[in-house]
Chemist: 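Got a structure for you, questions after.
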Amino acid sequence: MTAITIRRPDDLHLHLRDGQAMRSILPFTAARFARALIMPNLRPAVTTTEQALAYRKRILEALPQGMTLEPLMTLYLTDRTDPAEVDRAKASGCIVGLKLYPAGATTHSDAGVTDIRKVDAALSRMEEKDLVLQVHGEVTDPAVDVFEREARFIDEVLAKLAARFPRLRIVFEHITTRAAAQFVQDSRPGIAATLTPQHLLMNRNALFAGGIRPHHFCLPVLKSQADREALLAVVASGDPRFFLGTDSAPHARGAKEAACGCAGIFSAHGAIELYAEAFEAAGTLQTLEAFASEHGADFYRLPRNDGRITLVKEPWEVPRSYPFGAEEIVPLRAGETIGWRLADVADGGSRPEGVSR
Ligand code: NCD
Ligand code: ZN
């Protein structure tokens, strides 16, 4: 197959940052996706409905003329999140969930949850109001092997959480292991997972190919080939509980190429193309559309997008860097090629009010 046309996709896990940095990268996502779930790990964190609505407005204002993207918002859950805030979030109509970052698990997670019991009241209100919990699923104990943190989180936190709040809908974000895939497949209704392009395309050898590769470092960290194969098997199965969330997480070059480089891979410049490459290599291009454009919308109870995009199998060279505010960013595959190219976007016309500029 040399070209595919699919329903316009949604990116259900995206870091946009803010200000000039956001302005630099937002067009990459808007060119490909109709909607994106915007992660709240700014500094300060987006913990209130008021902050989320203001952030959403800044995103819409940062869109270049003629481009559209509907930002779906999520609040940063903290030890102090008041159940009344959950009510306000629901009432806003623009906020689809709250994000659980175990304190210290990843970039800008220091304001996160220190003990899951501290958020019981908020979780119970979310269950009642049907807001989705997005979970960064890693334990934070520095004594636990970094490659084991996701599997340990399932046993120590997530399985119990899913049982204690039986109607709470949960997205296990950016899963990386066979254990996580298995957990979602075996779980009760209302549990789903997002998968990133990097975890479908690479295993942990990519962190050390010819030397240490800071631009392949993200959290959860890349895992073994056996884990990667388990992720490819679930996308090939067409299981509707698994859907697209890039976790594109830009950091300026200097923050990555450092003695203590930060976690995050930028993939927005070629996100859907990278997924197409991964799916094609796994012989499952026929399940790409449902994964990218149907399962996530269905889980979030949003209408599927009307538009279409066309991808052609035509390699293109990724620039060595892109501007990122006053700095620059090194994208995934910098100076190398991506095997698929975005050829056409038809946005299908109807946009929700207030979304286009
Ligand atoms: C993310 C970031 O940079 O904000 N980094 C990452 O490695 N994925 C945070 C996150 O989603 O864990
Ligand atoms: Zn993320």
Side-chain angles (χ1 to χ4, degrees), residues 10-19 21-22 24-26 29 33 36-47 55 59 71-77 96-113 132-140 146-147 149-150 153 170-177 180 192-202 204 206-207 213-223 231 243-258 260-268 271 274 296 324-325 327 329-332:
D10 298 313
D11 182 354
L12 291 163
H13 185 128
L14 177 68
H15 299 269
L16 273 184
R17 314 307 188 204
D18 210 342
M22 169 166 74
S24 314
I25 57 161
L26 179 58
T29 294
F33 297 95
L37 178 57
I38 312 302
M39 289 297 127
N41 62 332
L42 302 181
R43 277 205 158 123
V46 179
T47 58
Y55 185 27
I59 295 166
L72 308 169
M73 308 308 288
T74 178
L75 299 187
Y76 192 118
L77 188 64
V96 299
L98 285 86
K99 173 80 187 273
L100 167 64
Y101 289 101
T106 186
T107 308
H108 301 175
S109 64
D110 35 311
V113 172
V132 173
L133 179 70
Q134 292 97 17
V135 177
H136 183 110
E138 290 191 286
V139 295
T140 56
V146 70
F147 295 102
R149 288 179 191 173
E150 184 175 275
F153 184 87
I170 301 173
V171 180
F172 195 171
E173 297 291 340
H174 42 51
I175 62 164
T176 63
T177 57
T194 52
L195 289 147
T196 76
Q198 62 263 26
H199 294 102
L200 293 173
L201 286 163
M202 298 186 284
R204 60 198 181 191
L207 285 163
R213 300 295 200 101
H215 299 292
H216 290 164
F217 176 53
C218 65
L219 286 171
V221 71
L222 295 172
K223 298 298 192 303
L231 304 183
F243 51 82
L244 187 156
T246 60
D247 195 22
S248 178
H251 292 276
R253 178 197 285 277
K256 296 281 298 170
E257 298 174 6
C260 187
C262 50
I265 292 178
F266 180 71
S267 62
L274 287 160
F324 185 56
E327 303 182 85
I329 190 170
V330 178
L332 186 56

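Counting starts at 1 for both ligands and their atoms, in listed order.
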Chemist: Tell me which residues fall inside the under-4.0 Å heavy-atom shell around ligand 1.
Modeler: H13, H15, R17, N41, T106, T107, H136, H174, C218, L219, D247, A249, H251, A263, G264
Chemist: My understanding is that only residues two or more places apart in sequence, or in another chain, count here; which of them pass side-chain contact (heavy atoms from CB on, under 4.5 Å) with T106?
Modeler: Y101, S109, H136, L219
Chemist: Are L332 and M202 side-chain neighbours, meaning at least one heavy-atom pair lies under 4.5 Å?
Modeler: yes
Chemist: What protein N/O/S atoms lie closer than 2.8 Å to the Zn ion (ligand 2)?
Modeler: H13 NE2, H15 NE2, D247 OD1
Chemist: Check whether any side-chain heavy atom of D110 sits under 4.5 Å from a side-chain heavy atom of R43, and report yes or no.
Modeler: yes
Chemist: Does R149 have any salt bridge (charged side-chain N to carboxylate O under 4.0 Å, His left out) partners at least two apart in sequence or in another chain, and if so, which?
Modeler: none
Chemist: For residues T176 and V221, determine if any side-chain heavy atom of one lies less than 4.5 Å from a side-chain heavy atom of the other.
Modeler: no
Chemist: Please check if any side-chain donor atom of K99 sits under 3.5 Å from a side-chain acceptor atom of T74, or the reverse.
Modeler: no
Chemist: State, yes or no, whether a side-chain contact exists between H174 and P220 at a heavy-atom distance under 4.5 Å.
Modeler: yes
Chemist: Got a donor-acceptor contact below 3.5 angstrom from the K256 side chain to the I265 backbone?
Modeler: no
Chemist: Given side chains that start at C-beta, do those of M39 and L37 come closer than 4.5 Å, heavy atoms only?
Modeler: yes
